[in-house]
**Q** 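Shown below is the structure under consideration.
Not measured: the values here are computed from a predicted model. Counting starts at 1 for both ligands and their atoms, in listed order.
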Amino acid sequence: MKIFVLTGAGVSAESGLGTFRDKDGVWTQYDLNEVATPEGFARNPALVRAFYNARRENLAGAVANAAHDALARLEAGLAARGGALFLCTQNVDDLHERAGSQRVIHMHGELAVSRCHACQATWPDTAPLTAEIVCEACGREGAARPHIVWFGEIPLYMEEIEDALSEADLFVSIGTSGSVYPAAGFVEMARAMGVPTCEINLEPSANAYVFDEKLYGPASETVPAWVERVLTQG
Ligand code: OAD
């Protein structure tokens, strides 16, 4: 059994990391055009760096929850049965890794990685981003940014993702509102290839009508119960 799981902010909500579009979500408090676009970074790099520095600080204190733990168990359990989990996340946190997931595809980048906006070199980094950072690869000062896919930029690993979708026996979307493409279109792609689909979310997402199966409730409860079912019933 090959399972493709797509996760979104809802899987980390109970770890205290805010979602984006819920009441009090990040995009109700900040203008995404100012902090999550290349144009915003060109206009005011200090504001953008401060926004992501605060998110790095939040992440440092966060702990993986039962949903992350269950997905790590699913990866190991499927592998032991000759199957595989393809875990693709829109999240830039590293809570899947901290829970023990071995292979995580971060299609929107990673908060704990910095990138040179000039030469695209990346490096692991949890310290605050500043204008004084000098890129070790190209020597440019002032171009350090978070390794995060901003609006208007192309998500990472798309070829690998499309291959995995085409090989999957099941597509499962967890904790995402289904508002941001291309991730929001994965369910349609899976459906078009005849792959069964399941949505696990707090409430019906924008794409709920497309899914074959739907499980609603907090991820810390629904995901462990679903993983248990998959690993016991196959
Ligand atoms: P959203 O904030 O758009 O959606 C979060 C979803 O999680 C909503 O449908 C909630 O109902 C659900 N949710 C909230 N708490 C939950 C819980 N405890 N258990 C289960 N579900 C819960 O976040 P995403 O869909 O991940 O991009 O957003 C997609 C992208 O938009 C993000 O990756 C980010 C953002 O702009 C970048 O930063 C590049």
Side-chain angles (χ1 to χ4, degrees), residues 5-41 48-49 51-56 58-59 62-71 87-96 99 104-113 115 145-158 161 171-187 198-211 213-227:
V5 167
L6 170 71
T7 62
V11 85
S12 296
E14 291 162 82
S15 294
L17 301 179
T19 59
F20 294 95
R21 294 171 186 80
D22 291 309
K23 193 171 124 339
D24 303 327
V26 175
W27 298 149
T28 66
Q29 299 167 45
Y30 295 89
D31 180 348
L32 68 84
N33 292 302
E34 298 306 324
V35 299
T37 61
E39 295 79 12
F41 185 61
V48 174
R49 290 194 183 108
F51 172 76
Y52 287 101
N53 287 344
R55 299 197 67 207
R56 279 186 176 175
N58 284 347
L59 180 55
V63 176
N65 66 53
H68 300 104
D69 293 345
L71 290 170
L87 179 55
C88 173
T89 188
Q90 298 169 87
N91 298 344
V92 297
D93 66 56
D94 59 355
L95 297 184
H96 283 306
V104 186
I105 304 297
H106 283 275
M107 66 178 291
H108 288 169
E110 293 169 78
L111 193 54
V113 177
R115 190 200 311 169
R145 58 168 279 185
H147 180 45
I148 288 190
V149 176
W150 286 329
F151 288 89
E153 297 181 326
I154 299 168
L156 309 170
Y157 311 111
M158 284 309 296
I161 289 170
F171 170 80
V172 184
S173 169
I174 304 176
T176 172
S177 63
S179 328
V180 176
Y181 283 81
F186 292 173
V187 60
C198 173
E199 163 163 281
I200 304 180
N201 208 37
L202 193 57
E203 58 195 13
S205 73
N207 294 324
Y209 67 96
V210 188
F211 288 88
E213 187 184 3
K214 305 150 217 252
L215 303 168
Y216 296 121
S220 63
E221 295 170 18
T222 48
V223 178
W226 170 72
V227 166

**Q** Would you say the side chains of H96 and S12 form a donor-acceptor pair under 3.5 Å?
**A**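 No, no side-chain donor-acceptor contact under 3.5 Å.
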**Q** So which of N58, V11, L111, L17 actually passes side chain to side chain contact (heavy atoms under 4.5 Å, CB included) with D93?
**A**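 It is L17, the one option of N58, V11, L111, L17 that forms the side chain to side chain contact (heavy atoms under 4.5 Å, CB included) with D93.
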**Q** Taking only residues two or more places apart in sequence or in another chain, which ones pass side chain to side chain donor-acceptor pair (under 3.5 Å) with N65?
**A** S15
**Q** Is the closest basic N to carboxylate O distance between R145 and E153 below 4.0 Å?
**A** yes
**Q** Identify, chain by chain and in numerical order, each protein residue with a heavy atom under 4.0 Å from an atom of ligand 1.
**A** G8, A9, G10, A13, E14, T19, F20, R21, D22, W27, Q90, H108, V149, F151, G175, T176, S177, V180, N201, L202, E203, G217, P218, A219
**Q** For residues S177 and S205, report the shortest heavy-atom separation together with the two atoms involved.
**A** O-CB, 3.6 Å
**Q** Looking at every heavy atom in both V223 and A70, which two are closest together, and how far apart are they?
**A**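 The pair with the smallest heavy-atom distance is CG1-CB, 4.1 Å.
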